[in-house]
Amino acid sequence: MPEGGSRLRIRVPADFVLARDACSYGYFLLAPSLWRPAERALRTILDLEGGPVRVRISQPEAPDGKPHPRWGRCAGQALGVVCSRRLTRGEQRDLRRLVTRMLRLDETSQTIGGFHRVDPRWRRCGRGRLFRSPTLFEDIVKTVTSCNIQWPGTVRMNIQLCEVLGREGAFPRPERIARARASTLRGRCRVGYRDRRLIDLARLFVRGEIDEAWLRNPANSDEEVFRFLKTLPGVGPYAAANIMQLLGRYAFLPLDTESVRHGRAVLGLGGSDAQVMRRVERHFARFGEHAFRSYWFELWRFYERKAGPSETWEPREVGASFTASNLGS
DNA sequence: GGTAGACCTGGACGC
DNA sequence: GCGTCCAGGTCTACC
């Protein structure tokens with residue numbers, strides 16, 4: 001990171017731990033994000049008003065005082081953000097907003113505590129936040145690129161999208177994908193049959209037909225939001241349920257082949273794939289509006305038992321192949 | 001409402 | 001090196 005760039009401090013909730021809360025969902029392994037285990041820092045490229053900026057986000061240890069009994073010296077310490085160039089005040093405000101979204105800093109210790117009351121298994125380790133993208137558009141594109149393909153394919157598509165269509169390696173804006181040719185997406189980004197769907201999706205964003213505020217508004221029911229999401233190109237029941245959790249609605253489970261594997265191998269469920277899926281759904285229904293988090297952290301714990309703590313995963317090794325089938329289960 | 005088959009890619013496998 | 005098969009979720013046509 002060159003000298004002379006802006007440096008920001010971002011305050012976090014008292015229970016926030018960067019290494020644990022960033023390395024909590026697969027998207028921390030997808031371009032342009034890059035977790036560096038050796039630095040215990042998250043690097044990414046954000047496309048701001050004045051152009052893309054490379055950022056390095058870390059969390060220092062508390063200089064004095066007692067470490068948190070379970071989560072160590074970093075817990076609750078403000079994040080340090082180092083930028084590759086100087087930012088205007090407006091850009092600093094945008095950067096804070098994007099980092100807050102990625103790391104779910106708007107989920108307070110109280111809301112995480114609510115999850116722990118329903119499922120106390122995660123209280124000790126403190127898990128509760130799930131990493132996501134800086135924008136809803138990126139979250140939805142990443143979800144579509146994770147459908148009907150194995151994880152290394154998703155990793156590759158996101159790298160190509162950033163390299164081919166992104167400015168200086170940032171994730172491409174909706175405007176850029178909206179005016180791309182299908183042949184570019186297919187031929188150079190290797191997204192296959194998803195080409196047309198990604199362009200249509202980007203055009204909906206450009207036309208303002210996808211309103212994140214409406215999707216997040218608690219006055220609108222989960223069922224209403226889920227129904228709307230399924231109308232989006234490339235988004236079926238699995239993708240819609242995944243986008244729900246990315247919006248902070250955790251009652252639905254994105255059921256896929258990993259769910260079936262988990263149901264059989266870990267929960268000991270039997271029957272056909274469809275039956276196992278239904279039984280997995282019933283199993284987690286007891287966690288109500290927190291069902292997804294209970295389900296996901298079980299899956300994540302399984303991956304970590306195979307490959308070690310997620311904060312130690314080298315992105316281009318474990319991180320590129322971390323689904324259960326690739327971990328040799 | 002349920003089901004079958006096409007969509008597309010990269011990797012594994014057999015020859 | 002080539003051909004074939006497979007995994008993966010969405011979408012459409014059809015019953």
Side-chain angles (χ1 to χ4, degrees), chain A residues 25-27 29-31 133 136-165 177 180-205 209-210 223 225-247 252-265 271-281 284 292 295-296 299-300 302-303 306-307 315-329:
Chain A
Y25 191 68
Y27 293 4
L29 300 162
L30 295 181
S133 308
L136 177 63
F137 174 66
E138 187 176 331
D139 267 342
I140 296 182
V141 172
K142 281 185 158 57
T143 300
V144 173
T145 63
S146 73
C147 289
N148 201 23
I149 191 151
Q150 294 184 334
W151 183 252
T154 304
V155 171
R156 179 180 39 76
M157 277 187 230
N158 279 276
I159 291 173
Q160 298 292 88
L161 282 169
C162 293
E163 285 181 358
V164 175
L165 298 175
I177 294 185
R181 290 173 198 265
S183 57
T184 303
L185 281 164
R186 184 176 288 232
R188 297 181 62 201
C189 305
R190 315 298 291 165
V191 302
Y193 68 91
R194 301 167 193 80
D195 54 359
R196 198 63 249 173
R197 297 174 192 180
L198 291 178
I199 290 170
D200 292 343
L201 199 52
R203 289 182 177 166
L204 288 174
F205 270 91
E209 292 176 28
I210 298 177
E223 287 69 25
V225 171
F226 188 65
R227 249 197 322 273
F228 171 78
L229 292 173
K230 280 195 295 180
T231 67
L232 300 179
V235 177
Y238 163 82
N242 193 54
I243 298 165
M244 292 287 280
Q245 68 87 5
L246 293 164
L247 287 164
F252 288 48
L253 299 188
L255 295 167
D256 62 358
T257 49
E258 280 291 287
S259 320
V260 175
R261 179 206 55 75
H262 187 74
R264 291 191 201 283
S272 67
D273 285 3
Q275 285 171 325
V276 173
M277 278 199 192
R278 280 196 293 275
R279 287 170 183 160
V280 168
E281 199 164 28
F284 287 97
F292 176 77
Y295 161 77
W296 182 255
L299 240 68
W300 204 245
F302 179 85
Y303 299 148
K306 292 273 178 189
R316 301 292 175 251
E317 295 167 19
V318 179
S321 61
F322 82 100
T323 53
S325 55
N326 288 321
L327 294 174
S329 63

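Note on naming: letters A, B, ... go to the chains in the order of the sequence lines (proteins, then strands), and numbering restarts at 1 for each one. Predicted, not measured: the structure shown is a model, and the values here were computed from it. The figures here come from the full heavy-atom set of this structure, side chains too, leaving out hydrogens, waters and symmetry mates.
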Subject >> Minimum heavy-atom distance A:Leu229-A:Ala240, with the two atoms named >> reply: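 Smallest heavy-atom distance, with atoms named: CD1-O, 3.7 Å.
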**OP:** Return the minimal non-hydrogen interatomic distance between A:Asp139 and A:Ser133, and the atom names on each side.
**Re:**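 Looks like OD1-OG, 2.7 Å.
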Subject >> Verdict with reasoning, A:Tyr303 to A:Glu258, per side chain to side chain contact (heavy atoms under 4.5 Å, CB included) >> reply: CA-CA 11 Å; A:Tyr303 299 148; A:Glu258 280 291 287; 2.5 Å; yes
Take atom [atom1] of [X] and atom [atom2] of [N], then tell me their distance rounded to the nearest Å.
{"X": "A:Arg188", "N": "B:dC8", "atom1": "CZ", "atom2": "C1'", "answer": "19 Å"}
{"X": "A:Leu229", "N": "C:dG9", "atom1": "CG", "atom2": "P", "answer": "18 Å"}
{"X": "A:Trp151", "N": "C:dG8", "atom1": "CH2", "atom2": "C1'", "answer": "14 Å"}
{"X": "A:Leu185", "N": "B:dT9", "atom1": "CG", "atom2": "P", "answer": "12 Å"}
{"X": "A:Glu258", "N": "C:dG9", "atom1": "CD", "atom2": "C1'", "answer": "14 Å"}
{"X": "A:Phe252", "N": "C:dG9", "atom1": "CZ", "atom2": "P", "answer": "19 Å"}
{"X": "A:Asp273", "N": "C:dG8", "atom1": "CG", "atom2": "C1'", "answer": "12 Å"}
{"X": "A:Asn242", "N": "C:dG8", "atom1": "CG", "atom2": "C1'", "answer": "14 Å"}

Subject >> A:Thr257 vs C:dG9: side-chain N/O to OP1/OP2 distance below 4.0 Å >> reply: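 For C:dG9, OP1/OP2 do have a side-chain N/O of A:Thr257 under 4.0 Å.
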Could you tell me whether a side-chain N or O of [X] sits under 3.5 Å from a main-chain N or O of [Y], the two making a donor and an acceptor?
{"X": "A:Thr145", "Y": "A:Thr154", "answer": "no"}
{"X": "A:Arg197", "Y": "A:Leu232", "answer": "no"}
{"X": "A:Asp256", "Y": "A:Ser259", "answer": "yes"}
{"X": "A:Lys230", "Y": "A:Ala239", "answer": "no"}

Using a heavy-atom cut-off of under 4.0 Å over every strand shown, decide if [X] touches base, sugar-phosphate, or nothing.
{"X": "A:Val235", "value": "sugar-phosphate"}
{"X": "A:Leu232", "value": "sugar-phosphate"}
{"X": "A:Gly234", "value": "sugar-phosphate"}

Distances under 3.5 Å between nitrogen or oxygen atoms of protein and nucleotides 13-15 of chain C:
none

Subject >> Neighbours of DNA chain C within residues 194-205 of chain A, by heavy-atom distance under 4.0 Å >> reply: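 Close to the strand are A:Arg197.
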**OP:** Start with the C-alpha gap between A:Ile210 and A:Phe137, add the side-chain angles, then the distance that decides, and say whether side chain to side chain contact (heavy atoms under 4.5 Å, CB included) holds.
**Re:** CA-CA 9 Å; A:Ile210 298 177; A:Phe137 174 66; over 6 Å; no
Original post:
Side chains of A:Asn148 and A:Tyr238: do they bring a donor and an acceptor to under 3.5 Å?
Top reply: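 No, no side-chain donor-acceptor pair sits under 3.5 Å.
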What's the closest nucleotide to the [X] side chain, out of [options]?
{"X": "A:Arg186", "options": "C:dG9, B:dT9, C:dT10", "answer": "B:dT9"}
{"X": "A:Tyr193", "options": "C:dT10, B:dT9, B:dC7", "answer": "B:dC7"}
{"X": "A:Arg190", "options": "B:dG10, B:dC8, C:dG9", "answer": "B:dG10"}
{"X": "A:Asn148", "options": "B:dT9, C:dG9, C:dT10", "answer": "C:dG9"}
{"X": "A:Arg156", "options": "B:dG10, C:dG9, C:dA7", "answer": "B:dG10"}

**OP:** Count the heavy atoms of every other residue, nucleotide or ligand shown that sit under 6.0 Å from CZ of A:Arg188, and state whether that count exceeds 12.
**Re:**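 Not buried by this count: 12 neighbours or fewer within 6.0 Å.
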